Amino acid sequence: MGLLNEGINEVIATTHQNAAPMGIIRRNEKIRMVLFHGSHTAERIVSGGWVVANFIFDPVLYVTTAFEDLPAEAFVEEDAGEFTVERLCSCEAWVAYKANVERTTRQNLLISLVPLREEIRTIALHPVNRGFNSIIDATVHGTRYKVTRDKGLMDLIEYHAGIIKKCGGTREYEALSLLFDYLDYP
Ligand SMILES: Cc1cc2nc3c(=O)[nH]c(=O)nc-3n(C[C@H](O)[C@H](O)[C@H](O)COP(=O)(O)O)c2cc1C
């Protein structure tokens, strides 16, 4: 099962010239993604048949890729056998997967993944930081809030903002400010 932990791994997924935070689920020796219809990631996995999990710990990149595209220079091609895939230049490690649509429902696509190639590029320690973790949570809620404008989601984002301000560093503060900009938060 390679670099993934059991449970949901919040990685930055790359497909052709696209990057977005996505959960990759490892349970019972199976690797899967659940994708809402309409994202570029979903479209490109269906058309390309591959996806790369990028392991990266920059909170700003999680916020940026959740809401907009990265420039072409952010990507680098890798040979993964059956496919030439694209990973992020700045990732610490990556895993390329062959991706098949297992099931489609009205709400989402269930994608099954088979590892093709993986690489660890740097070994770095990432001490647990509640500010970083709250950026991940706040950004998940932010992607839904942007669509629904649900007040309950904004309450959750504000709760996480409190933790980010208390526990984060300058990169987390920058990510939070960017998140509020994307959400037109006053
Ligand atoms: C940490 C995190 C995990 C996410 N996981 C998923 C996921 O598993 N499936 C999904 O459809 N969207 C997920 N999202 C939302 C997408 O990142 C978001 O819809 C994004 O705008 C899609 O970008 P794209 O259109 O470039 O693919 C997640 C967001 C965050 C911040």
Side-chain angles (χ1 to χ4, degrees), residues 1-59 61-66 70 74-144 147 156 160:
M1 290 292 145
L3 299 174
L4 296 183
N5 280 336
E6 194 183 2
I8 302 183
N9 298 258
E10 306 296 356
V11 301
I12 298 190
T14 45
T15 48
H16 176 57
Q17 289 293 300
N18 191 71
M22 291 285 165
I24 298 194
I25 308 156
R26 187 192 129 192
R27 284 202 199 282
N28 307 320
E29 302 312 299
K30 291 210 167 80
I31 307 175
R32 293 194 170 104
M33 298 174 84
V34 177
L35 300 176
F36 295 115
H37 291 291
S39 70
H40 294 125
T41 303
E43 277 168 26
R44 286 172 204 189
I45 284 180
V46 170
S47 61
W50 60 266
V51 61
V52 174
N54 294 264
F55 295 85
I56 207 154
F57 298 87
D58 178 3
L61 204 62
Y62 271 87
V63 175
T64 311
T65 56
L70 293 179
F75 300 86
V76 58
E77 286 190 351
E78 295 281 0
D79 179 358
E82 199 176 328
F83 301 97
T84 299
V85 300
E86 291 161 53
R87 67 163 170 88
L88 291 178
C89 296
S90 57
C91 72
E92 294 183 13
W94 58 275
V95 189
Y97 297 96
K98 183 181 169 105
N100 290 306
V101 180
E102 195 175 312
R103 201 167 64 228
T104 306
T105 68
R106 275 184 55 197
Q107 274 183 344
N108 50 43
L109 297 164
L110 180 66
I111 309 287
S112 61
L113 303 178
V114 177
L116 296 170
R117 187 183 154 198
E118 67 181 36
E119 184 186 28
I120 298 173
R121 301 178 58 245
T122 38
I123 305 277
L125 265 182
H126 297 283
V128 173
N129 180 282
R130 292 178 67 208
F132 176 81
N133 292 349
S134 276
I135 283 288
I136 301 297
D137 263 32
T139 310
V140 172
H141 298 316
T143 57
R144 301 313 301 156
V147 178
L156 290 170
H160 285 290

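The figures that follow rest on heavy atoms only: side chains count, while hydrogens, waters and symmetry mates do not. These numbers were taken from a predicted model, which means no experiment stands behind them.
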Under a 3.5 Å distance rule, please check whether N9 uses its side chain to pair with a backbone N or O of I24 as donor and acceptor. yes

Is there side-chain contact between T139 and I135, with at least one heavy-atom pair below 4.5 Å? yes

All heavy atoms of S39 vs all of M22, minimum pair found to be OG-CE, 4.3 Å

Side chains of S134 and D137, donor plus acceptor under 3.5 Å: no

Decide, yes or no, whether a salt bridge links R87 with E78 under the criterion of side-chain N to carboxylate O below 4.0 Å. yes

Quick one about S112 and N100 (side-chain donor to acceptor, distance below 3.5 Å, no hydrogens or angles considered), yes or no? no

Please determine which of V51, L109, I25 meets the side-chain contact (heavy atoms from CB on, under 4.5 Å) test together with M33. V51

Non-hydrogen atoms of E10 and G23 that approach each other most closely: OE1-CA, 3.5 Å

Distance under 6.0 Å and angle within 45° of the ring axis: does R144 meet both against F36? yes

Looking at side-chain heavy atoms only, is the closest gap between S90 and D58 below 4.5 Å? no

Would you please classify the geometry between the Y62 ring and the F132 ring as parallel, tilted or perpendicular, with 30° and 60° separating the classes? perpendicular

Heavy-atom side-chain contact between T105 and L110 under 4.5 Å: no

Do H16 and F75 come close enough that some side-chain heavy atom pair is under 4.5 Å? no

Check Y97 against I31 and note the closest heavy-atom contact, atom names and distance. CE2-CD1, 3.9 Å

When you measure from the side chain of N28 to the backbone of K30, do you find a donor-acceptor pair of N or O atoms at a distance under 3.5 Å? no

Can you check whether E82 reaches K98 side chain to side chain, under 4.5 Å on heavy atoms? yes

Pairing donors with acceptors under 3.5 angstrom, does anything connect the side chains of H40 and Q17? no

Flag side-chain contact, heavy atom, 4.5 Å: V52 against E86: no

Verdict with reasoning, R26 to N5, per side-chain contact (heavy atoms from CB on, under 4.5 Å): CA-CA 7 Å; R26 187 192 129 192; N5 280 336; 5.6 Å; no

Flag side-chain contact, heavy atom, 4.5 Å: N54 against V11: no

For a side-chain contact (heavy atoms from CB on, under 4.5 Å) check, start with the C-alpha distance between F55 and I120, then their side-chain angles and the critical distance, and finish with the verdict. CA-CA 9 Å; F55 295 85; I120 298 173; over 6 Å; no

Residue pair T104 / H37: nearest heavy atoms and the distance that separates them: CG2-CE1, 3.6 Å

Does a side-chain heavy-atom distance below 4.5 Å link F83 with L116? yes

